Amino acid sequence: MKKSDLLKSITTKKLPTHIAIILDGNGRWAKKRGLPRTIGHQKGATTLQEIIKTCSNLGIKYFSTYVFSTENWQRPKSEIDFIMNEVRKICKDYQKLVKQNIKVQIIGTKEKLTEDMVTSLEMLMEKTKTCTGMTLLLAFNYGAKKELVDCIKKIVDQVVTCKISLDDISEQTIEENLYTKDIPPVDFLIRTSGEIRVSNFLLWQIAYAEMYFTKILWPDFHAKELYEAIYEYQQRHRRYGGLEKKI
Ligand code: IPE
Ligand code: IPE
Ligand code: MG
């Protein structure tokens with residue numbers, strides 16, 4: 001289908017409220033071209049800006065993207081520094097997001113981050129906090145297992161200080177103590193680059209997400225590829241353990 005026909009077709013049906021993307025394949029994209037991995041990350045950052053804009057223009061309410069995981073510290077320092085710098089650029093360029101009325105929420109841990117990185121991220125959230133359009137969740141220094149550990153610690157603390165009792169703990173209690181408090185669950189999870197795994201991303205929040213895996217490497221994932229993914233999502237039947245529920 002042509003890009004314009006795809007766009008027309010998806011906007012006449014129900015769009016996912018919350019899209020999450022595991023952007024993967026920057027390194028392989030560069031390697032294929034005989035370039036250093038960092039160039040793949042640079043190109044990947046441009047693609048991210050394009051997809052953020054595309055989601056926002058489509059009217060997507062929540063868009064989560066995995067930018068740096070708690071496991072990515074295992075990479076060479078030079079590559080980590082480069083990624084950190086790309087994120088710093090996104091922070092400095094906050095006006096671009098404000099113009100699109102996008103509110104940014106960072107999810108992840110501050111552990112191991114430099115003070116100036118934490119300040120940049122807090123500034124980005126502060127500068128966009130009154131925006132009323134799409135919420136962009138940047139998963140940065142994020143790991144779902146770490147999020148669950150932090151969540152459990154918060155709940156245990158509430159129990160030992162008698163703010164809540166053991167019997168009060170419900171699924172809602174967990175949701176209220178995750179980094180994604182007040183954010184609806186993920187409807188549609190996309191991963192690029194051909195890897196069929198979730199790599200410690202939003203484990204609780206994807207419990208009933210539709211999943212889409214594409215071999216396309218992240219720097220090659222453009223608006224048309226996003227429309228194709230959403231088109232497929234709209235052909236799915238979400239049952240949630242019950243009976244037929246058409247999207
Ligand atoms: C995804 O691309 C970006 C990050 C994890 C930061 P990769 O860097 O993982 O690229 P590949 O998977 O090695 O190709
Ligand atoms: C997942 O990609 C993390 C991010 C996209 C930030 P990785 O490339 O780090 O994941 P694995 O190693 O393939 O599981
Ligand atoms: Mg990868």
Side-chain angles (χ1 to χ4, degrees), residues 18-52 54-55 62-93 104-114 117-118 120-121 124 136-150 178-180 183 186 188-206 209 211-222 225-226 229:
H18 186 169
I19 296 182
I21 298 192
I22 302 174
L23 52 94
D24 196 16
N26 289 350
R28 278 164 282 170
W29 183 92
K31 195 174 174 212
K32 254 174 61 181
R33 288 161 178 79
L35 298 167
R37 291 178 57 85
T38 48
I39 302 297
H41 292 308
Q42 198 174 50
K43 187 74 177 48
T46 309
T47 302
L48 179 59
Q49 298 277 8
E50 179 192 335
I51 295 299
I52 290 171
T54 308
C55 282
Y62 300 90
F63 175 55
S64 297
T65 179
Y66 207 6
V67 175
F68 189 84
S69 75
T70 45
E71 286 72 36
N72 287 147
W73 292 104
Q74 297 170 62
R75 296 190 182 198
K77 185 173 180 307
S78 55
E79 181 171 341
I80 295 172
D81 287 347
F82 192 92
I83 296 169
M84 295 286 156
N85 225 27
E86 287 301 312
V87 174
R88 257 188 217 106
K89 280 193 216 160
I90 296 177
C91 296
K92 274 203 190 122
D93 216 4
V104 180
Q105 191 174 325
I106 311 289
I107 52 169
T109 170
K110 289 179 187 170
E111 282 169 27
K112 293 197 197 169
L113 293 181
T114 60
M117 194 72 225
V118 173
S120 295
L121 295 168
L124 178 62
L136 168 65
L137 286 104
L138 279 184
F140 182 70
N141 198 16
Y142 175 89
K145 288 186 178 179
K146 169 74 177 144
E147 180 181 28
L148 289 169
V149 169
D150 286 350
L178 289 171
Y179 304 152
T180 51
I183 306 289
V186 174
F188 191 34
L189 176 72
I190 298 172
R191 181 169 187 152
T192 58
S193 91
E195 309 298 352
I196 318 288
R197 54 177 172 259
V198 290
S199 302
N200 202 14
F201 191 40
L202 300 174
L203 295 181
W204 175 281
Q205 300 86 341
I206 62 169
M211 298 198 184
Y212 180 88
F213 297 95
T214 170
K215 288 207 166 84
I216 293 169
L217 303 173
W218 175 249
D220 293 328
F221 192 87
H222 299 292
E225 283 69 35
L226 180 72

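We number each residue from 1, following the sequence as shown. Both counts, for ligands and for their atoms, begin at 1 and track the order of listing. What you are looking at is a predicted structure, and each value in this text was computed from that prediction instead of being measured.
Counting only N and O atoms by type, the side chains of Ser69 and Asn72 include a donor and acceptor under 3.5 Å apart.
At a 4.0 Å heavy-atom cut-off, ligand 2 does not touch Phe201 at all. Counting heavy atoms under 4.0 Å from ligand 2, residue Arg197 touches it through the side chain alone. Using a 4.0 Å cut-off between heavy atoms, Arg191 contacts ligand 2 through its side chain alone, with no backbone atom that close.
Numbered from 1 in the order shown, with element, the atoms of ligand 1 that lie under 4.0 Å from a heavy atom of Arg28 read 11 (P), 12 (O), 14 (O). Close contacts between ligand 1 and Val67 involve ligand atoms 6 (C) [criterion: under 4.0 Å to a heavy atom]. Within the listing of ligand 1, atoms 6 (C) sit less than 4.0 angstrom from a heavy atom of Ile83. The Arg37 neighbourhood of ligand 1 comprises atoms 7 (P), 8 (O), 10 (O), 13 (O), with distances under 4.0 Å to a heavy atom of that residue.
Protein N, O or S atom count below 2.8 Å of the Mg ion (ligand 3): the structure gives 1.
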- Is there a side chain to side chain contact (heavy atoms under 4.5 Å, CB included) between Met211 and Arg191 once you walk through the steps? CA-CA 8 Å; Met211 298 198 184; Arg191 181 169 187 152; over 6 Å; no

- Passes side chain to side chain contact (heavy atoms under 4.5 Å, CB included), Leu48 versus Thr65? Steps please. CA-CA 9 Å; Leu48 179 59; Thr65 179; 3.7 Å; yes

- Task: Using the salt bridge (Lys or Arg N to Asp or Glu O under 4.0 Å) rule, take Glu71 and Lys145 through it: C-alpha gap first, then chi angles, then the decisive distance, then the call.
- Result: CA-CA 11 Å; Glu71 286 72 36; Lys145 288 186 178 179; over 6 Å; no

- Task: For the pair Ser64 and His18, evaluate side chain to side chain donor-acceptor pair (under 3.5 Å) and give the outcome as yes or no after the intermediate values.
- Result: CA-CA 8 Å; Ser64 297; His18 186 169; 2.6 Å; yes

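Heavy-atom neighbours of Lys31 NZ from other residues, nucleotides or ligands within 6.0 Å: at or below the threshold of 12.
Distance from atom 5 (C) of ligand 2 to its nearest protein heavy atom, with residue and atom name: Leu23 O, 3.1 Å. Ranking the protein heavy atoms by distance from atom 14 (O) of ligand 2 puts Ser199 OG, 2.6 Å first.
Shown are Val186, Ile106, Ile107; of these, the side chain to side chain contact (heavy atoms under 4.5 Å, CB included) with Leu137 is made only by Ile107.
Looking only at side-chain heavy atoms (C-beta outward), Phe68 and Met84 come within less than 4.5 Å of each other.
Between Asn72 and ligand 2, an N or O atom pair is found at a separation short of 3.5 Å. Residue Arg75 has at least one N or O atom closer than 3.5 Å to an N or O atom of ligand 2. Every N/O-N/O distance between Phe68 and ligand 1 stays at or above 3.5 Å. Between Asn26 and ligand 1, at least one pair of N/O atoms sits closer than 3.5 Å.
Ion pairing between Lys89 and Asp93 fails under the 4.0 Å rule for side-chain N and carboxylate O.
Scanning for side chain to side chain contact (heavy atoms under 4.5 Å, CB included) contacts around Ala45 gives Glu86, with sequence neighbours left out.
At least one heavy atom of His41 lies less than 4.0 angstrom from ligand 1. Contact analysis leaves Ser193 out of contact with ligand 1, as no non-hydrogen atom separation drops below 4.0 angstrom.
Both cation-pi conditions hold for Arg33 and Trp29: the charged atom is under 6.0 angstrom from the six-membered ring centre and inside a 45 degree cone around its axis.
Heavy atoms only, all atoms of each residue included: Tyr66 and Tyr142 are closest at OH-O, 3.3 Å.
In terms of modelled atom types and a separation under 3.5 Å, the side chain of Thr192 and the main chain of Asp24 share a donor-acceptor contact.
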